[in-house]
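Single-structure report; data block below.
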Protein chains: 2
Amino acid sequence: MESSPWEARLREQGFRITAQRQLVLESVNQLGHGTPEEILSSVQKTASGVNLSTIYRTLEVLESVGLITHTHIGHGAPVYHSQDESPHIHLVCDDCAEVTSIPAASAAQFSLDLKETYGFTAHMTHMAVTGSCKTCASKSELKSNG
Amino acid sequence: MESSPWEARLREQGFRITAQRQLVLESVNQLGHGTPEEILSSVQKTASGVNLSTIYRTLEVLESVGLITHTHIGHGAPVYHSQDESPHIHLVCDDCAEVTSIPAASAAQFSLDLKETYGFTAHMTHMAVTGSCKTCASKSELKSNG
DNA sequence: CGGGTCAAGAGAACTATTCGCATGTCACCT
DNA sequence: AGGTGACATGCGAATAGTTCTCTTGACCCG
């Protein structure tokens with residue numbers, strides 16, 4: 001019997017294949033963006049006994065073998081997504097909290113500058129960029145003009 | 001009697017002048033970068049009775065009147081700094097956690113791109129940029145080559 | 001300089017995450 | 001297939017960071 005790519009990934013690194021790991025991975029893939037809590041809820045639809053600790057531990061494992069990545073979008077809750085998606089930067093509105101994903105390539109020049117000037121290899125996808133979205137920016141303009 | 005600029009700032013917005021607010025502001029100015037806990041310690045050198053709740057409330061007030069700003073540097077505690085300092089972006093090394101400050105102007109072109117392409121007004125100083133610093137980047141190169 | 005109202009102190013509560021330990025289970029080895 | 005040892009999970013307690021509630025204290029307008 002042949003094994004799925006994700007199973008092979010885990011096995012290569014000496015990790016075991018468990019139902020929990022499969023379910024968490026499937027939930028992350030399906031959710032697109034998901035916090036640990038959201039992933040727990042999703043997993044519990046199938047297996048209600050799964051514990052939050054397991055979610056955290058499993059996310060860590062899946063990330064360490066490169067199946068998923070996470071991004072910090074605000075204060076607390078990190079967001080996990082499938083490594084299959086093309087790398088993207090998150091723009092988060094401080095005001096309405098809307099999240100826009102843009103191609104990581106948008107920051108190519110900025111990254112290059114950081115590399116050349118400071119020798120710093122930036123991971124632009126790991127931390128969101130905060131600011132004001134189109135809608136909220138025009139709202140606050142109206143306010144200051146009115 | 002004339003009042004300091006920071007007192008005026010608070011009063012303008014209807015806030016009272018208190019010893020705690022003065023001490024917190026002075027600590028932030030003095031520390032350069034400080035987490036709420038660090039600011040508490042610093043304040044307590046002068047006034048040992050000050051409570052952590054007060055630190056949080058005061059930081060919020062001082063930020064709302066524009067005397068200080070904060071930046072999210074990673075998972076843990078946010079970092080506060082004086083608004084007097086010139087605006088800067090924080091580069092944080094994932095590996096050694098070293099923080100480098102660079103002028104906000106370094107991201108001017110990137111910000112402009114975000115504005116023009118997505119209508120998004122980025123606040124580059126509010127969230128740190130993570131990645132690998134010069135030292136750690138060369139270390140991991142050595143590892144993969146050796 | 002009295003009093004209304006905002007601020008501070010104290011500690012509980014809350015959110016997000018991690019840890020320790022006992023039990024369960026995967027996978028290797030016969 | 002069955003035994004076994006190490007790894008994984010469940011569970012609750014612990015931790016970190018922050019916010020809330022409530023009572024007491026203090027600023028500052030008049």
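In what follows, chains carry the letters A, B, and so on, assigned in the order in which the sequence lines appear, proteins first and then strands, with residues in each chain numbered from 1.
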(request) Enumerate the residues from residues 36-56 of chain B whose closest heavy atom to DNA chain D is under 4.0 Å, giving them by residue number; use none for an empty result. (result)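 Heavy-atom cutoff 4.0 Å gives B/P36, B/L52, B/S53, B/Y56.
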
(request) Of all the heavy-atom pairs spanning B/P36 and B/Y80, show the shortest one and how long it is. (result)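 Heavy atoms of B/P36 and B/Y80 come nearest at CG-CE1, 4.1 Å.
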
(request) Taking all non-hydrogen atoms of both residues into account, name the closest pair between A/V43 and A/S27 and its distance. (result)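 For A/V43 versus A/S27, the nearest heavy atoms are CG2-OG, 3.4 Å.
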
(request) Round to the nearest Å and state the distance from B/Q22 atom CD to C/dA7 atom P. (result)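 My rounded result for the distance is 16 Å.
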
(request) For DNA chain D, note the earliest and the latest nucleotide, 5' to 3', having some atom under 4.0 Å of a heavy atom belonging to chain A. (result)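 Both ends considered, the range comes out as D/dG5 to D/dG12.
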
(request) Using only side-chain N and O atoms of B/R57, determine if any of them is under 4.0 Å from OP1 or OP2 of C/dA8. (result)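 No, outside the criterion.
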
(message) I'd like to know whether CD of B/E60 has more than 12 heavy-atom contacts from other residues, nucleotides or ligands below 6.0 angstrom.
(response)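 No, not enclosed.
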
(request) State whether the number of non-hydrogen atoms from other residues, nucleotides or ligands found under 6.0 Å of B/E85 atom CD is greater than 12. (result)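 It does: B/E85 CD has more than 12 such atoms within range.
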
(request) Can you spot which of B/I73, B/V129, B/V99, B/T130 makes a side chain to side chain contact (heavy atoms under 4.5 Å, CB included) with B/L91? (result)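 Of B/I73, B/V129, B/V99, B/T130, side chain to side chain contact (heavy atoms under 4.5 Å, CB included) with B/L91 is met by B/V129 alone.
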
Does a donor on one side chain sit under 3.5 Å from an acceptor on the other, for [X] and [Y]?
| X | Y | result |
| --- | --- | --- |
| A/D95 | A/S132 | no |
| B/T125 | B/H88 | no |
| B/H72 | B/H90 | no |
| B/Q30 | B/E26 | no |
| A/H70 | A/H126 | yes |

(request) Treat primed atoms plus P, OP1 and OP2 as sugar-phosphate and everything else as base, then score nucleotides 23-30 of chain C 5' to 3': B for base contact with protein heavy atoms under 4.0 Å, S for sugar-phosphate contact only, - for none. (result) --BBS---

